[in-house]
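Notes to accompany the following structure.
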Number of protein chains: 2
Amino acid sequence: MEKRTGKGMENQLPGLDSQVCFSVYALSRQITQHYRPILDELDITYPQYLTLLVLWEKERQSVNQLGEKLYLDSGTLTPMLKRLEQKGLIKRERSIRDERVVEISLSEKGSQLRHLACAIPQKLLASLNITREELSQLHLIVNKILGQTRQS
Amino acid sequence: MEKRTGKGMENQLPGLDSQVCFSVYALSRQITQHYRPILDELDITYPQYLTLLVLWEKERQSVNQLGEKLYLDSGTLTPMLKRLEQKGLIKRERSIRDERVVEISLSEKGSQLRHLACAIPQKLLASLNITREELSQLHLIVNKILGQTRQS
DNA sequence: AAGATAAATATTGTACGCAATTTAATTTTT
DNA sequence: AAAAATTAAATTGCGTACAATATTTATCTT
């Protein structure tokens, strides 16, 4: 009758969920690998690129605001932002109105980098070798799940 | 006629591809967050859990074999495996046939942990709060893309 | 206004992830 | 068989992630 009870469960293959979670984890790292050679040319890492993307959208933001958009806390951001500052891509300045706040803004060099960066999306797509259709499907389902999991 | 040329492109929103890549990156970290409290009870991390999953499938494997399944190299695995050894979950032994190879096997404690671990998938699913349908869709598209990107 | 609380970053410590190099053992060449 | 090439792990070094704590500044309470 195919009724499975406690005994024997441990011989099952790992569940679909485990597999999917691993796949997402693997894909995320895989994507970073594909970005690497492209971003190497600009001498930045993938998380640094994401940070710049956010800053290109809005020139001046607090560490907190960046963290909310990137889902990263100060423990990760502070050292990364210092590295971006060292590269001369951003400026870090205490807010005058509230001395607790550190405001991040683009340097001239950081703003200019945008011109070079505009070629990245195409290069990455070519590197990943996937269709817009697949990309679109991925986007839909991942965002849907991301939206749900962020709450619970 | 809506023909967009070079000028003005830099004012566009970040492309779909950038967004999707960020979403995958964010989801991957989000999943790890949901695993954390569950795995904390077993005093292991998510990558360590993945490693144990592979070992529960096949009791004894070389570092290389583990790396091929997890897509990790010795630079990541060696220290992680040492930590698993310190926790008493695995054993690390040089192969007699080929002294270059280090064979990883489960300790008694590591084998036993499987019994506790079998509750994890359900707990995680409950925590993520997503349907099997969504999980299934995610699995399909992510694996499809992962398969393609691994080659190119 | 003094003291308590809260908020924003920074710091500390641990664990990946991965490129690059090193070390040791095995194979292949010559 | 000696030298060269290859292979498997380990090591080194850098950059995230993230929990936990500390520090500094602002705000709230009374």
Side-chain angles (χ1 to χ4, degrees), chain A residues 22 24-40 42-52 61-68 70-87 89-90 92-104, chain B residues 22 24-37 39-40 42-52 61-87 89-90 92-104:
Chain A
F22 171 70
V24 171
Y25 158 79
L27 179 59
S28 178
R29 287 190 292 126
Q30 189 66 28
I31 289 173
T32 303
Q33 293 302 318
H34 281 264
Y35 266 112
R36 193 178 306 276
I38 300 171
L39 294 177
D40 273 352
L42 308 188
D43 188 35
I44 56 176
T45 66
Y46 182 54
Q48 288 169 9
Y49 170 65
L50 291 176
T51 304
L52 290 176
Q61 301 185 56
S62 72
V63 173
N64 238 341
Q65 289 174 305
L66 289 176
E68 276 170 20
L70 298 169
Y71 308 134
L72 293 171
D73 69 5
S74 70
T76 300
L77 280 175
T78 298
M80 191 219 291
L81 293 171
K82 283 181 179 173
R83 283 187 283 270
L84 282 174
E85 188 185 33
Q86 280 188 328
K87 291 177 199 287
L89 297 174
I90 64 167
R92 297 167 62 244
E93 301 161 318
R94 291 269 162 198
S95 164
I96 302 166
R97 294 194 4 233
D98 186 338
E99 292 265 333
R100 290 172 303 184
V101 174
V102 170
E103 293 185 328
I104 307 299
Chain B
F22 171 70
V24 171
Y25 159 78
L27 180 59
S28 177
R29 285 162 44 219
Q30 189 66 27
I31 289 174
T32 304
Q33 294 302 316
H34 282 264
Y35 266 112
R36 195 179 305 277
L39 294 177
D40 272 353
L42 308 188
D43 187 35
I44 55 176
T45 66
Y46 181 54
Q48 288 168 11
Y49 170 64
L50 291 176
T51 304
L52 290 176
Q61 300 185 55
S62 71
V63 173
N64 239 342
Q65 289 175 304
L66 289 176
E68 276 170 21
K69 289 170 186 166
L70 298 168
Y71 308 133
L72 292 172
D73 67 6
S74 69
T76 301
L77 280 175
T78 298
M80 190 220 291
L81 293 171
K82 284 182 179 173
R83 283 186 284 270
L84 282 174
E85 188 185 33
Q86 280 188 329
K87 291 178 199 289
L89 297 174
I90 65 168
R92 297 166 62 243
E93 300 161 318
R94 290 268 163 200
S95 163
I96 302 165
R97 292 190 12 226
D98 186 339
E99 292 264 335
R100 290 171 303 184
V101 174
V102 169
E103 293 185 329
I104 307 299

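First the proteins, then the strands, lettered A, B, ... as listed; each starts at 1.
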Given atom [atom1] of [X] and atom [atom2] of [N], what is their separation to the nearest angstrom?
X         : N       : atom1 : atom2 : result
Gln48(B)  : dT14(C) : CD    : P     : 14 Å
Glu103(A) : dT9(C)  : CD    : P     : 9 Å
Arg94(A)  : dT23(D) : CZ    : C1'   : 10 Å
Asn64(A)  : dA6(C)  : CG    : C1'   : 13 Å

Look at all strands and tell whether [X] reaches a base, only sugar-phosphate, or nothing, counting heavy atoms closer than 4.0 Å.
X        : answer
Leu77(A) : nothing
Thr45(A) : sugar-phosphate
Thr32(B) : nothing

Among the candidates [options], find the nucleotide nearest to the side-chain atoms of [X].
X         : options                   : value
Asp73(B)  : dC18(C), dT26(C), dT11(C) : dC18(C)
Gln33(B)  : dT9(C), dC18(D), dA10(D)  : dC18(D)
Val102(B) : dA10(C), dC18(C), dA9(D)  : dA9(D)
Tyr25(B)  : dA17(D), dC18(C), dT16(D) : dA17(D)
Arg83(B)  : dT26(C), dT9(C), dA15(C)  : dA15(C)
Asp98(B)  : dT9(C), dT26(C), dA17(D)  : dT26(C)

### Query
Which residue lies toward the 5' end of DNA chain D, Thr76(B) or Pro79(A), if each is placed at its nearest nucleotide?
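It is Thr76(B) whose nearest nucleotide is closer to the 5' end.
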
### DNA chain D: 5'-proximal contact among Pro47(A) and Glu99(A) (nearest heavy atom)
Pro47(A)

### Query
Out of curiosity, Gln86(B) CD to Leu81(B) CG, how far, rounded to the nearest 0.5 Å?
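The CG atom of Leu81(B) is 12.0 Å from CD of Gln86(B), to the nearest 0.5 Å.
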
### Task
Would you give the length of the straight line joining atom CZ of Arg92(A) to atom CD of Glu103(A), rounded to the nearest 0.5 angstrom?
12.5 Å

### Query
Shortest non-hydrogen contact from Ile44(A) to Leu52(A)?
CD1-CD1, 4.0 Å

### Query
Of Leu72(B) and Thr78(A), whose closest DNA chain C nucleotide lies nearer the 5' terminus?
Thr78(A)

### Query
Hey, what's the ring geometry for Tyr35(A) with Tyr46(A), parallel, tilted or perpendicular (30° and 60° as the breaks)?
parallel

### Query
Within a strict 4.5 Å, meaning less than it, do heavy atoms of the Leu50(A) and Tyr25(B) side chains meet?
yes

### Message
Regarding dA10(C), can its base be found pairing with the side chain of Ser74(A) as donor and acceptor, where the two atoms are less than 3.5 Å apart?
### Response
yes

### Query
Quick one: the side chain of Arg100(B) and the base of dT7(D), do they pair up donor-acceptor inside 3.5 Å?
yes

